Amino acid sequence: MNRPGESTPQGAPASNFIRDIVKDDLESGRHDQIRTRFPPEPNGYLHIGHAKAICLSFGLAREFGGTCNLRFDDTNPTTEDMEYVESIKEDIRWLGFEWEGDEKYTSDYFEQLYEWAELLIRDGKAYVDSLPEDRIRELRGDYYKKGTPSPFRDRTVDENLDLFRRMRAGEFPDGAHVLRARIGLDSQNMNMRDPLMYRIRHAVHHRTGDEWCIYPMYDWAHGQSDAIERITHSLCSLEFEAHRPLYEWFLEQLPAFRSRQIEFARLNLTYTVMSKRKLLELVNEGRVNGWDDPRMPTLCGMRRRGYPPEAIRDFAERIGVSKRDSTVDVALLEHAVRDRLNDTSPRVMAVLRPLKVVIDNWPDGRVEEFDAPYHPKEPDWGSRKVPFGKVIFIERDDFREEAPRKWFRLAPGREVRLRYACLITCVDVVRDASGEVVELHCTWDPESRGGRSPDGRKVKGTLHGVSAEHGIPAVVRLYERLFDREDPMDCDEGEDWKDHLNPDSIETLEGALVEPSLARVEPGSRWQFERLGYFCADSQDHRPGAPVFNRTVTLRDTWARIEKRSG
RNA sequence: UCUCCGGUCGUCCAAUGGCAGGACACAGGAUUUUGGUUCCUGGAAUCGGGGUUCGAAUCCCUGCCGGAGAACCA
């Protein structure tokens, strides 16, 4: 963890404006200890945007020796469900954070909120309005026109109290009355024009059941919940900036702790959509295979894809925090993932699209076992024996009949190294009736066991292969970006963001072959398939003996760039 | 038309009146039994115009651009 003033492992500045505020508040003695909170609404799954907020609030608490609460903001019974609570808790823990005590619920505070509302009524700072919804909206005015007071605005305290109590008692149908704060109707900030505090909703709440039929609005619940929990720094996204004056107004009227709201810009990512509504649409329309589809920016999707939580935390640190609307290059996320995986993934060999190779001068039936270390720079990780025989499979992409410029993989007459095995030279090419290459014949140099060059001759190309006899069939899913452009919302006339889905975002290879050491690995385990990328055993579909791997991210591919550039 | 917030390399974030810096991306090179990793090098920015100041990315004025704001959503 970075301490204030320290640098991240990458040398990037560890400071941001919120961290500075926290530091000041601690140094000035304004607070002895900070308390933050993460307040999801239980109506959807967490995504990478939430991860930024989680890392910020939990991370700051951890860094400065404070605490962070998890509070479910459950004030709208018609859209929320306990179904989401467990997944949210699981995702936060997976990210590596633990909240203070039990998780909290805004609904735990309904009684206190109610009492405070009565207090405001008694102080003449709130009133029951009995206008219909559309009338209230009309009288509120607009950006250019001040609002007009409701005819009910000057009800007596007793009348208000009586009505409000009967609202709670369930005497009125939905929409008959609301409780409004009595602030004024001429603010430029529409949020301050006598905002609603309570509405009547005869709905079953997922936690309080039918105990309540009036429910607090966000503005009347959030700041008060912060105060009850004595939250010192209440961090939220920019869209709540215009709510801050109201947040502060409510707290000023109450005998309560004065929490401070601070806004920051939410995360946008290239090639990604982030809104709950759009993600829900992708799931409901079957554009992806559920919330945990590895192409989804949800935390469960990324987990299934093989992204390590440490990489996501590192990413959150790298992107920084500010108040500017911005869109982070998804390449930065991928870099953080590769960076972490490079240090933590054992190397193994797998062939995605196999091409048969017969080694003519290899003795029939002979099997050689070569020693292959699990990590080139971590000898402590040890090694395993990789068997090779007369027939092996190499990557189809590693052979070209006509070698382009700078090609140093296999081609007729070319010698290459089979990693950790030996040097082979292509002597013949076998085609089927349609002319497609179906088999290669090579010779090997028995002096080159282990892949060494016996006489020091230069062998630039190194391929990987799997023994035909020993390889294990596997299903491998290759994932690409879900959208075909940086900004999926960038639409031409008559286009929809869903027209920008990348049709090649998933490719399932049924005929892959993996080395025998991968026969029995744990679901969720992460590996580098040498020269290809990082893969993880799928948490749902992987079985011992019937492996299924997901490609987390490719390795950097310099050759692909060279080839693309030269056309 | 009104109010608020924000404009720094292609992207993201620093610089808190005193040498505009880092990361990603990109380009070149070294090392390499992964065209991986690692290392070195390079190009690359203060939205425009005024003003204050010895000195402005930073403060002031003004213009321009982007975002947000009129839910009984959060």
Side-chain angles (χ1 to χ4, degrees), chain A residues 7-8 10-17 20 39-41 43 73 75-76 78-80 129 132-133 136-138 140-145 147 174-175 177-180 187-191 193 196-201 215 217-219 221-222 236 238-245 263 265 267 270 276 317-336 338-339 342-343 347 349 372 375-377 406-409 417-421 423 448 450-453 459-464 486 528-533 554-563:
Chain A
S7 291
T8 62
Q10 297 75 39
S15 79
N16 61 61
F17 77 99
D20 290 346
E41 187 185 8
N43 69 349
D73 210 348
T75 56
N76 188 352
T78 57
T79 60
E80 296 154 3
D129 197 350
E133 185 174 347
I136 291 181
R137 210 190 330 265
E138 266 177 60
R140 188 154 24 216
D142 57 33
Y143 301 144
Y144 321 110
K145 199 172 81 238
D174 287 8
H177 309 280
V178 293
L179 185 73
R180 300 180 71 176
S187 171
Q188 271 303 329
N189 185 342
M190 300 295 290
N191 296 127
R193 320 245 270 224
L196 271 61
M197 295 169 66
Y198 278 96
R199 75 281 215 191
I200 299 172
R201 276 254 210 292
Y215 290 95
M217 302 290 293
Y218 168 85
D219 286 305
H222 201 95
C236 62
L238 248 28
E239 57 201 293
F240 294 102
E241 209 157 19
H243 294 248
R244 184 168 9 107
E263 312 86 20
L267 172 67
T270 56
K276 275 185 200 172
E317 187 64 41
R318 286 171 185 259
I319 58 176
V321 181
S322 76
K323 297 187 68 161
R324 292 166 66 175
D325 271 306
S326 60
T327 302
V328 175
D329 191 340
V330 74
L332 184 59
L333 210 211
E334 293 169 346
H335 174 266
R338 286 193 187 98
D339 199 39
N342 178 48
D343 290 343
R347 272 59 169 170
M349 287 192 277
H375 191 110
K377 291 183 179 156
K406 290 187 177 173
W407 177 264
F408 40 84
R409 275 116 98 146
R417 173 170 24 247
L418 273 181
R419 190 154 161 85
Y420 298 131
L423 303 180
S448 67
R452 281 170 294 276
S453 171
V459 179
K460 184 94 169 141
T462 299
L463 313 186
H464 63 277
E486 284 198 9
Q528 185 198 96
F529 290 178
E530 295 224 29
R531 302 208 309 128
L532 298 174
T554 62
L555 253 25
R556 276 183 80 227
D557 191 346
T558 306
W559 166 248
R561 285 213 306 270
I562 293 171
E563 199 170 36

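Chain naming here is simple, since letters A, B, ... match the order of the sequence lines and numbering starts at 1 in each. The structure presented is a predicted model; accordingly, all values stated were derived computationally and were not measured.
Distance, A/H335 NE2 to B/U11 C1': 14 Å, rounded to whole Å. The CD-P distance, from A/E317 to B/C24, rounds to 15 Å in whole Å. Straight-line distance from the CG atom of A/D20 to the C1' atom of B/A15: 12 Å, rounded to whole Å. In this entry the distance linking CD1 of A/I319 with P of B/A25 reads 16 Å, nearest Å. The interatomic distance linking A/R193 (CZ) with B/U3 (P) rounds to 13 Å, in whole Å. The nearest whole Å value for the distance from the CZ atom in A/R318 to the C1' atom in B/C12 is 11 Å.
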Q: Go along nucleotides 29-45 of chain B 5' to 3' and tag each nucleotide: B for a protein heavy atom under 4.0 Å from its base, S when only backbone or sugar atoms are that close, - otherwise.
A: ----BBBBBS-------
Q.
So if I define the base as every atom that isn't primed, P, OP1 or OP2, how would nucleotides 65-74 of chain B read as a B/S/- string at a heavy-atom cutoff under 4.0 Å?
A. --S-BBSBSB
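Closest non-hydrogen pair, A/N189 versus A/P245, comes out as ND2-CG, 3.7 Å. Here the shortest heavy-atom pairing between A/N76 and A/E41 reads CB-OE2, 4.3 Å. Residues A/T79 and A/N43 approach most closely at O-CB, 3.4 Å, considering heavy atoms.
The gap from the P atom of B/A15 to that of B/A20 amounts to 16 Å, rounded to the nearest Å. For the P atoms, the distance from B/A23 to B/C4 is 39 Å, rounded to whole Å. One C1' atom belongs to B/C59, the other to B/C2, and the distance between them is 27 Å to the nearest Å. Taking the C1' atoms as reference points, B/C73 lies 49 Å from B/U37, given to the whole Å. B/G6 and B/U46 are spaced 15 Å apart, taking the C1' atom of each and rounding to whole Å. Taking atom C1' on both B/G43 and B/C26, the two are 9 Å apart, rounded to the nearest angstrom. Separation of the C1' atoms belonging to B/U34 and B/A25 is 22 Å when rounded to the nearest angstrom. Of the C1' atoms belonging to B/U52 and B/U58, the separation is 13 Å, rounded to the nearest Å.
Proximity of a side-chain donor or acceptor of A/R193 to a complementary backbone N or O of A/S187 within less than 3.5 Å is detected.
Residues passing the side-chain hydrogen bond (donor to acceptor under 3.5 Å, both in side chains) test with A/E138 are A/R135, sequence neighbours excluded. Partners of A/R199 under the side-chain hydrogen bond (donor to acceptor under 3.5 Å, both in side chains) rule, at least two apart in sequence or in another chain, do not exist in this structure. Checked against salt bridge (Lys or Arg N to Asp or Glu O under 4.0 Å), A/E80 has no partners two or more places apart in sequence or in another chain.
In this structure, CZ in A/R417 is found 7.0 Å from OG in A/S453, a value given to the nearest 0.5 Å. For the atom pair CZ (A/F529) and OG1 (A/T554), the distance works out to 14.0 Å, reported to the nearest 0.5 Å. Taking CD1 of A/I562 as the reference point, atom CG of A/D557 lies at 9.0 Å (rounded to 0.5 Å).
When the side-chain nitrogen and oxygen atoms of A/S322 are compared with OP1 and OP2 of B/C13, one or more of them lie within a distance under 4.0 Å.
Using a 4.5 Å cut-off on side-chain heavy atoms (C-beta onward), A/L532 and A/H464 make contact. Side-chain atoms of A/K406 and A/W559, non-hydrogen and from C-beta on, do get closer than 4.5 Å to each other.
Within 4.0 Å of A/V321, counting heavy atoms only, lie sugar-phosphate atoms of the nucleic acid but no base atom.
Helical stems involving RNA chain B, defined as 3 or more consecutive Watson-Crick or G-U pairs under 3.5 Å, span B:2-7 with B:64-69, B:10-13 with B:21-24, B:26-30 with B:38-42, B:47-51 with B:59-63.
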